[in-house]
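Fair warning: this is a prediction, and the values are worked out from it, not measured in the lab. In what follows, every chain begins at residue 1, and chains take the letters A, B, ... in the order their sequences are listed.
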There are 2 protein chains.
Amino acid sequence: MKTSNEISSCKTCVYRKLLFDSLTDEEYLMVNKSRKEFIYSRGEIIRKEGDSIDSFIYLRSGLIKLYKTDKNGKDHILSLNKSGDFISLLSIFSNSEYKYSIAAVEETKICVIDLNSLRQAVDTNSKFALRVLNRMSRVSDDIIESQFEIRQRQVKGRIAYFLLFLTNKIYRSHEFRLPITRREIGELISMTTENTIRTLSEFKKDGIISMDGRTINILDYERIKGISNTG
Amino acid sequence: MKTSNEISSCKTCVYRKLLFDSLTDEEYLMVNKSRKEFIYSRGEIIRKEGDSIDSFIYLRSGLIKLYKTDKNGKDHILSLNKSGDFISLLSIFSNSEYKYSIAAVEETKICVIDLNSLRQAVDTNSKFALRVLNRMSRVSDDIIESQFEIRQRQVKGRIAYFLLFLTNKIYRSHEFRLPITRREIGELISMTTENTIRTLSEFKKDGIISMDGRTINILDYERIKGISNTG
DNA sequence: TTAGTCATATGACATATATCATGGTTTGCG
DNA sequence: CGCAAACCATGATATATGTCATATGACTAA
């Protein structure tokens, strides 16, 4: 992790519209005064479950995973999030400690705001508070929904679902580089690394994707959609 | 469903302390003016996914399930909730429609408040807004956590986990009546009805529970805990 | 009462998934 | 560069889980 040396402009920040739009200039300045930027590279842990929550975090760029380690030491990934998603909101009002760990899965830039500034803004600006409420519940809804989708499918359906997620939600393209290892894919969709690998290989053999290492090409989108819906 | 004929006193309501404590008398009166009570019996659907959200609901007594139907028509239960838990908060600020269905699994009394009154209170009372924020994120956290716990276990561990949930969270007793059918247990912990039945029978045969129909007695709590932790 | 539905129950069998073993390949780092 | 550690890959096998068939009791509607 390193501190960003040139501070990004807030003018171009998606969160300006998503969240901070409803703040007065004065409130915005107060919140912004405590703002710091950090850059994490692939694999670095941004926050660990159990860490105390003293700040509000949002992603400027990059990709992170939200995950939790079970008592056997096995990680389970709850979600992948990109800039524009909210992550840290999830726990900050109900817990004093993070319930999940956050790690960068690619080079990621975050903004960190002192939690007290945010609380004060929520306290004095109810429109902002509602905005936060709205955004916060959306994060949780997304996690719950994806877990719901995953748990009703079996191996092939889960892989198909994951590929569609990357295609439609993350990259908006039929060609992309897998952002995570096959092991991590398994941790995300609750299956073993071996079966993840096998299933991807099978999709390749069947000609519905092409695959070279991490590079994936969606060749038969409709068929993958079919597998996601039935298998 | 029927309208309650005698209105319960708010004096004894847990939500008075949990949530409405931070309202001024005036605000409370406004919120309370729109309040209505309804009683649902076992099996009745309180809200269906897709229904438009125009009210805020909380449980006065009873037990409900939050569930979602997949495209094959199979139900998946997300959580069981009792009085004191929040349910309707989950979506009301991020969606105009319910994302989950709510049904009574035993005789259940709910209070319904006009959503506009609540919104207005959030709008004018930031302390209340924070309280709502706090409560809301806790609901989601609970669902996400239980899904996390379920998905890392296999059949026996899931049943054990479910029995501990009833013992510790719902009934606070080692003896209770299963509130839901074995089919519903399967829908909650993602396994087939047959395997649910089989596993319960096995627990009975092994002497760690006694079971007569829906009546369960936890005979060897520690052993169940062990199974929940390892299997 | 009778037929029908649903919940519980259990066995036999099919299938999905995990585990174990083993090797090749890439990646990171001193 | 060269080594170690991950990652990727695939087969053989074990195990967990689902599916199908069948039976019984409880309850309900006609």
d(CD1, B:I197; P, D:dG25) in whole Å: 16 Å
B:F165 six-ring centre to B:K169 NZ/CZ under 6.0 Å and within 45° of normal: no
Polar side-chain atom of B:R177 near backbone of B:I216 as donor-acceptor pair, under 3.5 Å: no
Nucleotide C:dT25, atom P - distance to CE of A:M211 in whole Å: 15 Å
Parallel, tilted or perpendicular: rings of B:Y171 and B:F176 (30°, 60°): parallel
Atom-pair distance (CG on A:L200; P on D:dA9), nearest Å: 8 Å
Sugar-phosphate, base or nothing in reach of A:R214, heavy atoms under 4.0 Å: sugar-phosphate
Presence of salt bridge, A:K156 and A:E202, under 4.0 angstrom: yes
Under-4.0 Å side-chain N/O to phosphate OP1/OP2 contact, A:R183 with D:dA6: no
Touch class at under 4.0 angstrom, heavy-atom based, for B:S201 against every strand present: sugar-phosphate
Summary of protein contacts for nucleotides 17-22 of chain D, nucleotide by nucleotide, where a base hit scores B, a sugar-phosphate-only hit scores S (4.0 Å, heavy atoms): SBBB--
d(CG, B:D212; C1', D:dA26) in whole Å: 13 Å
Steps toward side-chain hydrogen bond (donor to acceptor under 3.5 Å, both in side chains) verdict (B:T196, B:R182): CA-CA 6 Å; B:T196 306; B:R182 280 134 177 89; over 6 Å; no
Nearest-0.5 Å distance, CG of residue B:L80 to CG of residue B:D85: 10.0 Å
Nearest-Å distance for atom pair CD/P, residues A:E202 and D:dG11: 12 Å
Rounded distance (Å) that lies between atom P of C:dT19 and atom CG of A:N72: 11 Å
